[in-house]
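Values reported hereafter were calculated over all heavy atoms of this structure, with side chains retained and with hydrogens, waters and symmetry mates removed. Each chain gets a letter, A, B and so on, in the order the sequences are listed, and its residues count up from 1. Fair warning: this is a prediction, and the values are worked out from it, not measured in the lab.
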Amino acid sequence: MVTVQRAIEMQGIPTVLITVEPEESAQARPPRALYPKGFIAGHSLGRPGDEALQKWIILDALGLLAADPRPGEVIARDYT
Amino acid sequence: MEKPLELSRYCVPFTPFKKRLEDALVCLVSTAGVRKKDDRPFVLEGDTSFRTIGGEAVAADLAVDDTHYDHACIDKDVNCVFPIDRLRSLAREQRIAGLTEQHFAMGFSQNLKEVRDTTVPQIARAVAGTRPDAVLLTGG
């Protein structure tokens with residue numbers, strides 16, 4: 001996933017990744033990445049039908065676009 | 001002729017985001033094996049191709065081909081891994097400007113060389129062709 005992200009970023013397009021595999025993602029050094037703590041594969045955006053939670057996570061991820069750069073890091077946040 | 005330099009994996013590519021989020025067109029890219037229901041399924045054992053998903057699609061139009069992550073969430077709501085309805089809702093609320101006309105998804109593959117050398121560059125070029133201001137990526 002980070003391989004795709006880095007390739008898109010190299011085209012001059014800002015990217016942000018929502019990951020549920022923070023260690024694996026950090027090793028691949030993403031330009032920007034958010035890890036919703038405790039979420040597992042298949043549940044990247046949380047719970048089914050929980051529009052408010054899903055939009056909160058998306059806005060947090062997109063918020064990293066304009067945040068202080070921390071390239072290569074995965075930012076962990078709690079949504080419970 | 002020497003080989004061209006390749007980006008070290010210790011080096012992180014970084015493009016500054018210059019727009020306001022409210023003015024940004026967003027493209028969605030996923031490795032969760034998502035496709036339009038009427039599009040060709042991904043081969044579950046391994047598939048290095050990718051699918052294009054039209055910007056008009058809603059989650060109910062989408063199917064997922066995967067055997068590597070828990071499906072309890074996506075069986076009810078594909079937005080769990082491919083939040084296209086939620087991005088459209090954010091566009092209606094003017095939190096983002098809108099969505100690009102195309103989004104992209106790839107499936108599972110262990111053929112990492114072909115993915116890296118062929119699929120990833122193809123997706124990156126296809127994404128650039130939609131002229132997004134930002135790209136949101138999701139795994140499973």
Measure across A/Arg6 and B/Ser8 and return the closest heavy-atom pair with its distance rounded to 0.1 Å.
NH2-O, 3.3 Å
Worked check of side-chain contact (heavy atoms from CB on, under 4.5 Å) between B/Thr15 and A/Ile13
CA-CA 6 Å; B/Thr15 300; A/Ile13 302 163; 5.9 Å; no
Non-hydrogen side-chain atoms of A/Lys55 and B/Glu93 separated by less than 4.5 Å:
yes
Flag if over 12 foreign heavy atoms under 6.0 Å of CD, A/Glu24:
no
Please flag which part of B/Pro121 lies under 4.5 Å from any non-hydrogen atom of chain A: side chain, backbone, both or neither.
neither
Does one hydrophobic cluster hold both A/Val2 and A/Leu65, with members joined at side-chain heavy-atom distances below 4.5 Å?
no
Quiz item: cation-pi between A/Arg32 and B/Phe14, 6.0 Å / 45°
yes
What's the shortest heavy-atom distance between A/Gln11 and B/Arg125, and which atoms?
OE1-CA, 4.1 Å
Given B/Cys73 and A/His43, is the side-chain contact (heavy atoms from CB on, under 4.5 Å) satisfied, shown in steps?
CA-CA 6 Å; B/Cys73 203; A/His43 302 250; 3.6 Å; yes
At a heavy-atom separation under 4.5 Å, does B/Cys11 approach chain A through its side chain, its backbone, both, or neither?
backbone
So which atom in B/Lys76 and which in A/Pro48 form the shortest heavy-atom distance, rounded to 0.1 Å?
CB-CB, 3.7 Å
Would B/Leu87 and A/Ile58 count as a side-chain contact (heavy atoms from CB on, under 4.5 Å) if you check the C-alpha gap in whole Å, the side-chain angles of each, and the deciding distance to 0.1 Å?
CA-CA 8 Å; B/Leu87 281 174; A/Ile58 293 170; 3.8 Å; yes
Other residues, nucleotides, ligands: >12 heavy atoms within 6.0 Å of B/Arg95 CZ
no
If you measure only the distance, is there a donor-acceptor pair under 3.5 Å linking the side chains of B/Asn79 and A/Glu51?
no
Got B/Val81 and A/Leu45 here, is their nearest side-chain heavy-atom distance under 4.5 Å?
no
For chain A, which candidate among B/Leu21, B/Val29, B/Val78 shows the most heavy-atom pairs at distances under 4.5 Å?
B/Leu21
With chain B, which of A/Pro30, A/Ala7, A/Pro14 has the greatest number of heavy-atom pairs at distances under 4.5 Å?
A/Pro14
With a 4.5 angstrom heavy-atom cut-off, is it the side chain or the backbone of B/Asp133 that approaches chain A, or both, or neither?
backbone
Does a side-chain heavy-atom distance below 4.5 Å link B/Leu137 with A/Met1?
yes
First locate atom CG of B/Leu7, then atom CD of A/Glu9, and finally report the distance between them rounded to the nearest 0.5 Å.
11.0 Å
Side chain to side chain donor-acceptor pair (under 3.5 Å), that's the test. Do A/Gln54 and B/Asp85 meet it? Break it down for me.
CA-CA 10 Å; A/Gln54 294 176 357; B/Asp85 296 344; over 6 Å; no
Using a 3.5 Å distance criterion without hydrogens, assess whether the side chain of B/Asp70 forms a donor-acceptor pair with backbone atoms of A/Gly42.
no
